Number of protein chains: 2
Amino acid sequence: MNDAAWIKRFEGLNRLPDAIKETLVKRSQVVTVPTGTKVFGPGLVPDNLLLLVEGTVKVSQTSESGREIVLYRVEAGQSCVLTTACLLAHEAYAAEGVAETDVTAVAIPRVVFDELAASSPQFRDFVFAAYARRITDLFRVIDEVAFGKIDVRLADRLVGLAGGSGELEVTHQQLATELGTAREVISRQLSEFQKRGWIRLSRGHVSLSDTPALERLAASA
Amino acid sequence: MNDAAWIKRFEGLNRLPDAIKETLVKRSQVVTVPTGTKVFGPGLVPDNLLLLVEGTVKVSQTSESGREIVLYRVEAGQSCVLTTACLLAHEAYAAEGVAETDVTAVAIPRVVFDELAASSPQFRDFVFAAYARRITDLFRVIDEVAFGKIDVRLADRLVGLAGGSGELEVTHQQLATELGTAREVISRQLSEFQKRGWIRLSRGHVSLSDTPALERLAASA
DNA sequence: ATGCGTGTGTGACTACGTCACCGACATTGC
DNA sequence: GCAATGTCGGTGACGTAGTCACACACGCAT
């Protein structure tokens, strides 16, 4: 019962009454999945709500034509809440989630989710706040795809993905997928960034040498 | 109590127990809003969930740059459910909803919504099913904007907007807004359709003369 | 008729996406 | 070591979509 520790990681869950916390801990299960695992996706009717304790899950969508775009990432302390809609509506899911790192998560079974939603206003708040966040993310994606310039979007993504180190191991194709564009477009844009001295390129590797410059470009959205 | 008639219009609400139906009818209010009214939007924290009995609400998003794109429409028998996330998460909403026609709707106050969510599994199902539908819509928009060709998207939209009559009163600019693109692009595309004999154009008016052709193009998504 | 606001047409240009292809590099098996 | 193979990245030519700067057409009010 003392692994209730994970609850602290989740913004909205602290406020839950102790009785509810207990149910949550007792009736859900801590699971770990290795990098690359498909957490949910078309054909997989999910029957758990996942709360990510550690790691990140990349949620992306693949169109009929086979092209792919990253919708958002679920980070530690967040939940795969959009799956709940399908979870309860028994619908197939158009997007798929893949573990980008080794992931530790708490899996809340459908029935438990439903009980909690019934019994705890705070839990409902938690769920709807998570929804609001994701939907906002989707709105942002639509805005960027529809109206954004790729140099700006790419700069933004590079900074976002690099984290503190300024080093990232990605292929041009992977970056193209992030933004839902073509590999060549990314290649050319990266060359341009390199020419300006903002990054250094090598096979499967990008290293940011002038992060502020990239941030400035990204900010000019 | 006999205006409970509207409940029948909503797919998921028929299954509600009578007691719940009664609460719903008693504690919500039928409202009518005229064409053009802003139903929700940035700066307006919504405190009602609207169930549309009659009319349609157009939900669109405007980017910082002032460009606009239509996200989806709420039709009779559906609900503005995405607002509930903000409703309960107390967040501002990035999108705005405008009554496209005179609208009759049932407004469920926040507290009633919360009570129903607590007390009725069927109501929760209804809400999450509505969510699933909207989210699916958003995914479709992303897919189309990112990977779709405008001729296809335009053909699809023309057919969708025209309804049975095959006549529609829209400016090229409005169609551009529908798809999140530029007026010139629409103008040229419409000219092309006209050249092929699929439509006839006049100021502020489009009349579909070969709907099947448009549908065929739209289907080749 | 004159003027004005809104809606539409057009050409030149830029940005992005597509296609076809080639060469560089890494890995594996020999 | 060398060759075979697969992945990754570079490049030119081209097509489609979005941008910019206009000019013109129509409807309405004065």
Side-chain angles (χ1 to χ4, degrees), chain A residues 36 62-69 141-158 168-196 199-207 217-218 220-221, chain B residues 36 62-70 141-158 167-196 199-207 217-218 220-221:
Chain A
T62 305
S63 78
E64 306 157 17
S65 53
R67 290 188 55 183
E68 200 179 341
I69 185 171
V141 171
I142 291 175
D143 194 88
E144 285 178 2
V145 171
F147 308 124
K149 307 249 173 205
I150 38 107
D151 54 352
V152 175
R153 296 175 61 207
L154 179 56
D156 181 64
R157 200 54 69 107
L158 286 174
L168 52 176
E169 305 298 320
V170 280
T171 67
H172 298 184
Q173 180 55 59
Q174 285 171 326
L175 288 170
T177 297
E178 289 283 333
L179 304 180
T181 182
R183 201 252 322 153
E184 297 91 320
V185 175
I186 297 296
S187 289
R188 291 192 245 263
Q189 206 57 58
L190 287 176
S191 302
E192 176 61 24
F193 287 170
Q194 185 174 38
K195 207 175 73 187
R196 295 187 203 163
I199 62 177
R200 255 162 311 141
L201 294 171
S202 56
R203 191 187 175 86
H205 183 95
V206 180
S207 104
L217 178 57
S220 68
Chain B
T62 305
S63 78
E64 306 156 18
S65 55
R67 290 188 54 183
E68 200 178 342
I69 184 170
V70 174
V141 171
I142 291 176
D143 195 87
E144 284 177 1
V145 172
F147 309 124
K149 308 248 175 207
I150 37 107
D151 54 352
V152 174
R153 296 175 61 205
L154 178 57
D156 180 63
R157 201 55 69 107
L158 287 174
E167 303 292 320
L168 53 179
E169 304 298 319
V170 280
T171 67
H172 298 184
Q173 180 55 61
Q174 286 171 326
L175 289 170
T177 296
E178 289 282 334
L179 305 181
T181 182
R183 200 255 318 156
E184 297 91 318
V185 174
I186 297 297
S187 289
R188 290 193 245 263
Q189 206 59 58
L190 287 175
S191 302
E192 176 62 24
F193 288 171
Q194 185 173 39
K195 208 175 72 188
R196 295 187 203 164
I199 63 178
R200 254 163 310 140
L201 294 171
S202 55
R203 191 187 176 86
H205 184 94
V206 180
S207 104
L217 178 57
S220 67

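Residue numbers begin at 1 in each chain, while the letters A, B, ... track the order of the sequences. Quick caveat, the model's predicted, so the values are computed rather than measured. The figures that follow rest on heavy atoms only: side chains count, while hydrogens, waters and symmetry mates do not.
- Mapping A:Arg188 and A:Arg203 onto DNA chain C by nearest heavy atom places A:Arg188 closer to the 5' end of the strand.
- Looking at B:Arg196 and B:Glu192, a side-chain N of the basic residue comes within less than 4.0 Å of a carboxylate O on the acidic one, giving a salt bridge.
- Between the side chain of A:Glu144 and the main chain of A:Val141, no donor-acceptor pair closer than 3.5 Å is present.
- Of the listed residues (B:Val185, B:Thr181, B:Val170), just one forms a side chain to side chain contact (heavy atoms under 4.5 Å, CB included) with B:Leu175, and that residue is B:Val170.
- Other residues, nucleotides and ligands contribute at most 12 non-hydrogen atoms within 6.0 Å of the CD atom of A:Glu64.
- Using a 4.0 Å heavy-atom cutoff across all strands shown, A:Arg153 reaches no nucleic acid atom at all.
- Between the CD1 atom of B:Ile186 and the P atom of C:dG7 there is a distance of 15 Å, rounded to whole Å.
- Remark: B:Asp143 CG to A:Thr62 OG1 distance equals 9.0 Å, nearest 0.5 Å.
- For DNA chain D, the outermost nucleotides in 5' to 3' order that have an atom under 4.0 Å from a heavy atom of chain B are D:dA17 to D:dC26.
- In this structure, B:Glu167 has no salt bridge (charged side-chain N to carboxylate O under 4.0 Å, His left out) partners at least two apart in sequence or on a different chain.
- In this structure, NZ of B:Lys149 is placed 16 Å from P of C:dC16, rounded to the nearest angstrom.
- As a whole-Å value, the separation of B:Glu169 CD from C:dG7 P is 13 Å.
- Contacts between residues 177-185 of chain A and DNA chain C, counted as heavy-atom distances below 4.0 Å, involve A:Thr181, A:Ala182, A:Glu184, A:Val185.
- The main-chain N or O of A:Ala176 is never found under 3.5 Å from a side-chain atom of A:Arg183 such that the two would form a donor-acceptor pair.
- When the P atom of C:dT8 is taken as reference, atom CD of B:Glu192 falls 18 Å away, rounded to whole Å.
- For the pair A:Leu175 CG and C:dC16 C1', the interatomic distance rounds to 17 Å; values are reported in whole Å.
- To the nearest 0.5 Å, atoms CG (A:Leu154) and NE2 (A:His172) are separated by 9.5 Å.
- Between A:His205 atom NE2 and C:dA24 atom C1' there is a gap of 18 Å when expressed in whole angstrom units.
- The closest donor-acceptor contact from the side chain of A:Arg157 to the backbone of A:Leu179 lies at 3.5 Å or more, if one exists at all.
- Between the CG atom of B:Leu190 and the C1' atom of C:dT8 there is a distance of 10 Å, given to the nearest Å.
- When the P atom of C:dC16 is taken as reference, atom CZ of A:Arg67 falls 14 Å away, rounded to whole Å.
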